[in-house]
Protein chains: 2
Amino acid sequence: MRPRARTTLADVARLAGVSAVTVSKVLNGKGHISPETQEKVQRAAALLGYVANTAARRLRGGATRILGMVVPELVSPYFAELARAAADAAGRCGYDLGLFTTSRDPQRERERIQSLLGGMADGLLLVVPVGASEFLSTLEQSQVPIVLINYFGGATHLPVVRGENYEGTVALLHHLLALGHRRIGFIGGAEHSGQAKERYRAYREVMRAAGLWDETLVQPGDFTRRKGLEGARALLGRPSPPTAIFAGSDLMAFGVMEAAQERGLQVPADISIAGFDDSPLASLVPPGLTTVAHPIADIAEAAVRLLLEAIEGKSVRDQLLEFPSRLVVRGSTAPPKTPLP
Amino acid sequence: MRPRARTTLADVARLAGVSAVTVSKVLNGKGHISPETQEKVQRAAALLGYVANTAARRLRGGATRILGMVVPELVSPYFAELARAAADAAGRCGYDLGLFTTSRDPQRERERIQSLLGGMADGLLLVVPVGASEFLSTLEQSQVPIVLINYFGGATHLPVVRGENYEGTVALLHHLLALGHRRIGFIGGAEHSGQAKERYRAYREVMRAAGLWDETLVQPGDFTRRKGLEGARALLGRPSPPTAIFAGSDLMAFGVMEAAQERGLQVPADISIAGFDDSPLASLVPPGLTTVAHPIADIAEAAVRLLLEAIEGKSVRDQLLEFPSRLVVRGSTAPPKTPLP
DNA sequence: TTTAGTTAGGTAAACGATAACCTAAACACA
DNA sequence: TGTGTTTAGGTTATCGTTTACCTAACTAAA
């Protein structure tokens with residue numbers, strides 16, 4: 001005999017001697033059901049270990065109490081923290097968070113999101129790349145509520161929650177300039193990341209304003225340690241290497257530290273290094289990484305709150321919440337060895 | 001006018017001038033449909049941007065090509081890596097991975113898993129605590145395929161894929177003993193973790209066999225850096241502190257390093273420190289952490305493979321796959337200062 | 001020509017939960 | 001006593017997809 005199928009409403013109804021609809025009403029607290037019947041039904045449901053079928057509930061248009069979240073990846077501490085914070089916030093409101101990572105293929109990616117859309121989640125938190133604007137107009141028409149996280153791309157009516165990048169970068173660079181640095185190298189972030197673009201924009205403008213702009217001090221990056229290492233090797237191999245390097249993420253900054261070590265450079269005596277994100281490692285790796293703290297918890301919490309509001313039917317159209325970032329100075333930055341010219 | 005509802009099979013059918021069933025057949029490559037009709041249907045589906053409704057498909061008993069995965073948390077690099085590897089493996093097989101984190105409340109946890117069960121996933125990868133054995137017998141009866149990851153609890157017929165812990169710990173301790181250490185402190189892992197139990201078991205047996213067992217050298221832990229710090233403070237504050245500390249996870253080992261730093265101890269000159277997991281940080285934090293590498297990629301890949309086999313109908317009952325761990329010696333371990341007595 | 005098999009596609013039913021509607025009884029009030 | 005209102009719970013239909021089954025036409029073999 002094959003394993004019995006999962007308990008359904010009908011099973012509970014049979015055991016309790018009522019109709020399936022009555023069971024549904026009791027379990028959802030709707031309609032008028034006498035206390036005795038409620039009791040009976042509750043008992044039967046507990047006995048059978050009844051749990052509502054998410055697919056059926058969703059199909060009928062009901063809530064699944066699941067929020068979907070799509071992130072590019074999970075290995076970088078940034079997204080791991082973001083996901084954790086969002087899961088916490090959702091949990092506090094009685095929701096579960098289902099996490100999906102972006103697929104490399106954009107076409108496939110869209111199908112996945114569309115599939116998630118009506119699939120099972122009551123709402124979606126999306127960390128999307130900037131290049132998706134025409135896709136976003138499709139999403140805007142969706143009945144499933146959506147909140148974009150850290151979106152810096154083209155105009156959209158979808159609600160956006162993000163952390164600030166520009167001002168944080170400016171503060172960091174002013175810190176380096178105030179220390180006396182004049183040749184400040186930059187290693188960029190991932191190509192399609194709006195945040196990376198913001199950081200680069202700030203770098204360029206600050207350096208231009210200071211009359212220090214030098215395109216050869218800029219290296220491409222992708223937020224990984226490896227790229228930080230490679231970029232730093234290139235920068236440090238120049239005839240007149242920079243006295244400070246600002247990496248677009250902490251992970252890349254750690255790669256820069258490795259490159260410094262390779263060349264026998266002391267941090268911060270021989271070279272100052274700064275990152276972005278304030279990942280948990282930043283305080284751990286000696287001498288402590290100067291970086292910009294991104295308000296991950298605020299972002300996640302606000303995004304969940306906004307999404308729940310949307311699910312409850314409130315209009316969140318065109319809402320934009322931006323949280324400030326904060327300069328965190330640690331041991332990896334100091335005045336350059338050579339005094340100012 | 002409110003936003004039009006999502007495109008359904010019926011919409012595509014209307015546009016293509018066929019029945020909904022025919023559309024379904026074309027899109028799933030079943031039944032006998034003429035090339036011309038197929039062409040027509042494909043075109044209509046593409047035009048409308050049709051994507052099947054996951055809930056409906058699942059309800060009907062069809063596949064969603066989604067695997068569910070439940071992990072205790074995401075912030076520790078171990079689970080982040082495990083999830084990434086599983087998502088990769090699933091992706092290569094045309095499946096998506098939906099990730100859920102364990103809720104703190106065990107009762108709620110079970111409901112969640114049950115809910116996921118028939119809810120939407122074609123199969124489930126579960127990282128469960130040891131104390132769940134009676135719950136597992138419920139899961140065994142489920143029609144939805146399940147694979148347990150890193151399970152070391154009571155007997156079950158569910159397939160299990162795990163990394164080896166005992167031998168790896170033995171190898172690590174033999175390494176420390178061979179260096180000349182005699183007082184080796186231990187900081188344990190999370191209470192309900194089967195892996196933590198295995199590591200502790202190995203520690204106890206090796207130390208007993210060497211005639212070095214001393215219960216006061218054991219500190220409780222929970223895999224977090226904070227607990228590593230606290231445990232190490234306690235151990236280093238003893239009249240005769242250990243010359244080496246083995247922490248049940250890399251994260252805790254970093255906490256131990258902090259504690260050493262607090263007391264002005266040099267690693268490895270004054271104290272040897274070892275961890276477990278070989279997290280990405282292990283090679284990064286100077287002087288490099290001696291640790292045991294867990295075969296995360298192998299585990300994830302095998303678990304996904306096994307789950308897909310189960311989904312295809314093969315029997316995986318009672319299967320157990322265990323992958324070996326590997327000692328990784330780095331700079332944090334060296335002979336103790338005081339020569340052997 | 002008859003029979004059997006194949007091809008193309010349609011119809012009906014089912015998955016499980018729930019919203020909308022309905023019935024019947026009980027109750028209140030004039 | 002008659003009329004409206006509330007209460008308790010059942011009936012029906014529906015969400016979108018897929019499986020099982022059916023029909024009709026065409027083809028091939030006997």
Side-chain angles (χ1 to χ4, degrees), chain A residues 4-14 16-42 44-45 48-66 114-120 122 143-144, chain B residues 4-42 44-45 48-66 114-122 143-144:
Chain A
R4 65 176 151 68
R6 224 183 119 166
T7 10
T8 73
L9 266 190
D11 298 327
V12 179
R14 208 171 306 123
V18 296
S19 79
V21 172
T22 303
V23 177
S24 170
K25 282 176 181 162
V26 170
L27 266 27
N28 293 298
K30 305 198 172 170
H32 307 272
I33 309 293
S34 73
E36 303 88 59
T37 307
Q38 294 204 17
E39 170 74 26
K40 247 191 327 189
V41 169
Q42 296 281 12
L48 296 176
Y50 172 76
V51 177
N53 182 316
T54 314
R57 178 174 281 175
R58 178 72 202 159
L59 180 57
R60 191 58 184 77
T64 58
R65 297 199 85 78
I66 293 178
Q114 299 243 22
S115 163
L116 286 173
L117 269 180
M120 52 192 192
D122 293 348
Q143 308 97 301
V144 177
Chain B
R4 64 178 153 67
R6 223 183 119 162
T7 339
T8 74
L9 267 190
D11 298 327
V12 179
R14 207 170 308 126
L15 183 59
V18 297
S19 78
V21 173
T22 302
V23 177
S24 171
K25 282 176 180 163
V26 170
L27 265 27
N28 293 299
K30 304 196 173 172
H32 307 272
I33 308 294
S34 72
E36 303 87 62
T37 306
Q38 295 204 17
E39 170 75 23
K40 248 191 324 189
V41 169
Q42 298 281 11
L48 296 176
Y50 171 76
V51 178
N53 181 316
T54 315
R57 176 175 283 176
R58 178 71 201 161
L59 180 57
R60 192 54 185 75
T64 59
R65 297 197 85 77
I66 294 178
Q114 298 241 23
S115 162
L116 285 174
L117 269 180
M120 53 193 192
D122 293 348
Q143 310 98 299
V144 177

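Chain letters run A, B, ... following the sequence lines, proteins first and then strands; every chain starts at 1.
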Round to the nearest Å and state the distance from [X] atom [atom1] to [N] atom [atom2].
{"X": "B/R58", "N": "D/dT19", "atom1": "CZ", "atom2": "P", "answer": "13 Å"}
{"X": "B/M120", "N": "D/dT17", "atom1": "CE", "atom2": "C1'", "answer": "18 Å"}
{"X": "B/L9", "N": "C/dT11", "atom1": "CG", "atom2": "P", "answer": "15 Å"}
{"X": "B/L59", "N": "C/dT18", "atom1": "CG", "atom2": "C1'", "answer": "12 Å"}
{"X": "A/L48", "N": "C/dG16", "atom1": "CG", "atom2": "P", "answer": "14 Å"}
{"X": "B/R14", "N": "D/dT17", "atom1": "CZ", "atom2": "C1'", "answer": "15 Å"}
{"X": "B/R6", "N": "D/dG16", "atom1": "CZ", "atom2": "P", "answer": "9 Å"}
{"X": "B/R60", "N": "C/dA13", "atom1": "CZ", "atom2": "P", "answer": "13 Å"}

* To do: Sequence neighbours left out, what passes side-chain contact (heavy atoms from CB on, under 4.5 Å) with B/R14? Give chain and number order.
  => B/A10, B/D11
* Are A/K30 and C/dA19 close enough that a side-chain N or O sits under 4.0 Å from OP1 or OP2? -> yes
* Using the salt bridge (charged side-chain N to carboxylate O under 4.0 Å, His left out) rule, collect all pairs that involve residues 24-40 of chain B, keeping only residues at least two apart or in two chains. => B/E39-B/R43
* **For A/T8, all residues meeting side-chain hydrogen bond (donor to acceptor under 3.5 Å, both in side chains), sequence neighbours excluded** => none
* Decide yes or no on side chain to side chain contact (heavy atoms under 4.5 Å, CB included) for A/R58 and A/N53, but give the supporting numbers first. => CA-CA 9 Å; A/R58 178 72 202 159; A/N53 182 316; over 6 Å; no
Once rounded to the nearest 0.5 Å, what's the spacing between atom [atom1] of [X] and atom [atom2] of [Y]?
{"X": "A/L27", "Y": "A/Q38", "atom1": "CG", "atom2": "CD", "answer": "10.0 Å"}
{"X": "A/M120", "Y": "A/T54", "atom1": "CE", "atom2": "OG1", "answer": "9.5 Å"}
{"X": "B/R60", "Y": "B/S24", "atom1": "CZ", "atom2": "OG", "answer": "10.0 Å"}
{"X": "A/L9", "Y": "A/L48", "atom1": "CG", "atom2": "CG", "answer": "11.0 Å"}

* To do: Taking only heavy atoms on the protein side, list every residue of residues 19-29 of chain B lying under 4.0 Å from any atom of DNA chain D, sorted numerically.
  => B/V21, B/S24, B/N28
* Kindly give the heavy-atom pair with the smallest separation between A/D122 and A/V144, and that separation in Å. => O-CG1, 3.8 Å
* Structure fact -> Whichever of B/A56 and A/V18 has the more 5' nearest nucleotide on DNA chain D, that residue is A/V18
* Asked: So how far off straight is the helix from C/dT1-D/dA30 to C/dA30-D/dT1, going by the axes through five pairs at either end, to 10°?
  -> 50°
* Whether B/T7 side chain and B/Y50 backbone form a donor-acceptor pair below 3.5 Å -> no
* So what does A/R57 hit on the nucleic acid, given a heavy-atom distance under 4.0 Å: a base, only sugar-phosphate, or nothing? -> sugar-phosphate
* **Sub-4.0 Å heavy-atom contacts from residues 31-39 of chain B onto DNA chain C, ordered by number** => B/H32, B/I33, B/S34, B/T37
* **Derivation of the side chain to side chain contact (heavy atoms under 4.5 Å, CB included) call for B/R6 and B/V51** => CA-CA 9 Å; B/R6 223 183 119 162; B/V51 178; 3.8 Å; yes
